[in-house]
Amino acid sequence: MNFSLYFLSKNLLKIVCFSLVLMFSYSIKAQTQENPALLRKQISSSANTTQKITLLLRLSNYYITKKGELKADLDSAAILNRQAKALNVKSGDLLSAGKIIFLEAKIDKERGRKTIAFSNMKQALSYFEKNHFKEQAGEAYNELSYMYDNNPEYFDTKIKLKEKALELFKNSGSKLNQAGVLKDLGELYYIKENADKALGLLKQSLSVYKSVKFRELQSVYNLISQVEIQKADYEEALRYGLLAEKTAESVNDYSLQMCSIYSNIGMVYYYLRKNDDAMKYWEKSLATAKKNKDNTYIRTVANNISTMLIRQKKFKQAITMIQEYRERYPIVDKDFEMSENYILFSTYTILKQFNEAEAYYKKLVAYYGENAEKNNQQASLLRSFVFYHYQTRNFDKMYREARLFDSIAKNNGNDMLRSENHLMWFKADSIQGKYLDAIQHYQLYKKLSDSVFNGEKSKQINSLKIQFETEQKDKNIQLLTQKAKLQDIKIANDTFIRYVFIGSILALILFAALLYNRSRLKSNANKNLELKRKQIDEQNEQLKKLLSEKEWLLKEIHHRVKNNLQIVISLLNTQSAYLDNEDALMAIQNSQHRMHAMSLIHQKLYQSDNLSMIDMSWYIYELITYIKECYSSDRKINFTVDTDKVFLDVAQAVPMGLIVNEAVNNTVKYAFPDDRKGEVFVSFKNIGDDLCELMISDNGVGLPEDFNIEETESLGMNLMRGLTDQLDGTFNLENKGGLKVTITFRKNTEITPSN
């Protein structure tokens, strides 16, 4: 996979995801579940002043929280609130007086009278606290938090207000309000990228909701799924995402909440590289957004789909989609516009269309600053700036921003992004001839990428362990069930056995002497057997220790061999800087490729549990990916790899890897002169009876007509023939419509791969 494309996809989705969260959290709140016609009927028939005030306030709140409220709805809410206020002057009910001020503040907020709304809400809060109405004071703190803009600079203020609201709800015993505030706090910490804190709060919210048997949990499940994505735990993210979908369907929620759920599940599948599933859910999300006629959601999901087109290298299609949706579904949101500018900037950078990329770069710098400090997007934007300066060869700016990005990624504990950053740093140093610095950055890249690999492997092992323990518990339950059935049968037969025993005891007395004698003999024999068993157990323990030490030593040897080969490759790379002879440079490059082919063998051996066998399907894919990266990305050569899962031992894997390296390198260098387009097909198959067939073919210029393989002085061709002989295989060339190299050999079967 192209490095820059991978980075764009991961971080672009992160930006789009945050914009979706911000839109959903603070623009949509649950409408009060009231029946306005019934309330009006109850108001007209009520003779109790206090009850009438309560009903008027409930109906007023209904119009304030009504979905898609109009000016007429707010006017109705204001009229009802005034009626309640007039009645309350006579009744003098303290709680109702506070609620009237509270609703008046909410009406001003919905009308856009921000200053008046703030003043009234603070007045309501002061009134509730003065009269010790804890639950209502909590509602005022919570509502006050919604009055602040969705700007990151206000997040800490929102958190403090919600924490005060949470404390008051706990003291008043209002569990439903507790759960809602816990969910909001979890969401704020998620946006601040504090995933552990967010997850703890959201799970508390879920627990409280369940304790009051609240059914509409889809928004909490969806948020937990998004936090698990932030933690890169995609298995848990998918589990909670599907729970959110199932819950929403069970309560017939097909609002914008469902649009968010579909979009989030699509994001999980995107990270899991299940492209078809991701597209299926994003298309469902887009359809739901269009049905709800929400332009912001439509544009957000369309941006997600554009990232899939970018992954599929359909760059023009992605750019066209963003531009068309901008025209068809206009919105006024500077942050959102910048997230789309980020997509266009990164895409044009990948395409090396630097004039277009520069225009969007200037917009992003003007909005976020040169170091991208604004709106918690520093890491994502900085990394794209690093790649842009690398592509445009502005190395001074690239180094400055790469150092800042490495510091941020280190603080976040993200070794994957750090490894990619050092890989680009290595490439930049190599271009400028800073070979010692390049070696240091390459070593850091390998160290960080290896640590990511080991971490992922540990997660897989833990997952398998949990699965095994679960299956073991199921087996234990089945065993206990069987024992219970046997106990029932035993009880039923006790009576019969008792009579049989009485008859048998007489016979046993006759054999008692014989049994006693045999018992003594058996006891002596058992003692001898027990002594031998202990000796055997001690020998087994020693053998286990020796085996464990041997495996550790083998892994260490393979690791050291791989590291030594990498150092030699780096030294050859440094040496090539001091050579002007083209043939010498080519020889060094060929040697580097051959050593990398052998290095991959040792890397796979020390990273796997099997120290004797290599999975050649993985190896061939990695080797060809490396060869592609060694040559210009502008070469118009398409590779097709079709391999079976074949395991070879080291004795066969090394010559096999060198043959693939020689054949593919020769094809790339000589088969397509003058930047011709071409196809290269690599196949490695089991063809029966432990026979393996390697075929590498292209549609290039082929060999000269007078080419004689027996008289050739080509090192690569002779090396392939010699390695084929080492495999005891057959080597065949076919020079028709290109060149096809076919090698057939018999696989060693003395060692088989462990499962």
Side-chain angles (χ1 to χ4, degrees), residues 1-12 14-15 307 310-311 313 315 318-319 341-366 368-373 377-410 412 414-449 452 570 573-574 576-577 625-626 628-635:
M1 180 191 301
N2 184 284
F3 169 77
S4 57
L5 178 60
Y6 171 81
F7 174 80
L8 170 63
S9 302
K10 291 284 279 190
N11 292 277
L12 171 58
K14 183 177 177 183
I15 288 175
T307 63
I310 292 169
R311 170 180 280 182
K313 299 189 178 181
F315 300 112
I319 293 169
N341 288 343
Y342 175 87
I343 304 173
L344 296 169
F345 163 65
S346 302
T347 308
Y348 281 125
T349 303
I350 292 172
L351 293 171
K352 296 187 177 180
Q353 296 179 10
F354 297 127
N355 290 334
E356 290 82 355
E358 184 181 7
Y360 288 104
Y361 170 72
K362 289 178 178 177
K363 290 179 181 180
L364 291 169
V365 169
Y368 290 105
E370 192 171 356
N371 294 322
E373 295 93 344
Q377 306 301 341
Q378 190 174 18
S380 303
L381 289 162
L382 261 180
R383 188 63 184 87
S384 66
F385 290 170
V386 171
F387 179 63
Y388 172 71
H389 293 316
Y390 169 77
Q391 290 286 70
T392 56
R393 299 300 188 259
N394 189 344
F395 293 116
D396 289 339
K397 282 190 174 182
M398 183 212 136
Y399 286 140
R400 184 174 67 250
E401 292 176 349
R403 279 190 288 271
L404 180 57
F405 176 78
D406 185 63
S407 174
I408 294 169
K410 185 177 181 180
N412 292 336
N414 195 327
D415 286 346
M416 175 61 77
L417 291 183
R418 288 192 70 203
S419 70
E420 292 168 357
N421 190 42
H422 282 289
L423 178 60
M424 192 178 296
W425 215 328
F426 156 74
K427 291 180 179 179
D429 286 338
S430 298
I431 290 170
Q432 296 181 89
K434 300 177 180 179
Y435 298 112
L436 293 177
D437 291 340
I439 291 171
Q440 290 178 355
H441 288 298
Y442 187 81
Q443 288 173 337
L444 279 170
Y445 155 68
K446 295 300 294 181
K447 178 182 177 182
L448 291 166
S449 60
V452 170
S570 299
N573 193 39
T574 305
S576 65
T625 301
Y626 167 78
K628 287 165 63 179
E629 289 180 351
C630 289
Y631 294 92
S632 171
S633 60
D634 293 332
R635 296 293 294 268

Q | Residues Phe345, Phe385; criterion side chain to side chain contact (heavy atoms under 4.5 Å, CB included); working and verdict | A | CA-CA 10 Å; Phe345 163 65; Phe385 290 170; 3.9 Å; yes
Q. Please walk me through it: do Tyr442 and Phe426 pass ring pair (Phe, Tyr, Trp, His ring centres under 6.0 Å)?
A. CA-CA 6 Å; Tyr442 187 81; Phe426 156 74; 4.9 Å; yes
Q. Which pair of non-hydrogen atoms, one from Ala402 and one from Val386, has the smallest distance, and what is that distance?
A. N-CG2, 3.6 Å
Q: List the atom of Thr347, the atom of Phe315, and the distance in Å for their closest heavy-atom pair.
A: CG2-CD2, 3.8 Å
Q | Min side-chain heavy-atom separation Tyr445-Met424 under 4.5 Å | A | no
Q: To the nearest 0.5 Å, tell me how far Lys410 NZ sits from Asn421 CG.
A: 13.0 Å
Q: Provide the closest heavy-atom pair for Met398 versus His389 in the form atom of the first, atom of the second, distance.
A: CB-CB, 3.7 Å
Q. Between His422 and His441, how do the two ring planes meet: parallel, tilted or perpendicular, split at 30° and 60°?
A. parallel
Q. If you round to the nearest 0.5 Å, how far is CG of Asp429 from OH of Tyr399?
A. 3.5 Å
Q. Looking at Phe395, is Arg393 sitting on its ring face, NZ or CZ under 6.0 Å from the six-membered ring centre and within 45 degrees of the normal?
A. no
**Q.** Ile350 versus Gln391, closest heavy-atom pair with distance
**A.** O-NE2, 4.5 Å
Q) Do Arg403 and Trp425 come close enough that some side-chain heavy atom pair is under 4.5 Å? A) yes
**Q.** Ile319 CD1 to Gln353 CD distance, which is reported to the nearest 0.5 Å
**A.** 6.5 Å
Q: Could you check if a side-chain atom of Gln443 sits within less than 4.5 angstrom of a side-chain atom of Ile439, using non-hydrogen atoms only?
A: yes
**Q.** Least distance between heavy atoms, Phe354 atom then Thr349 atom
**A.** CE2-O, 4.1 Å
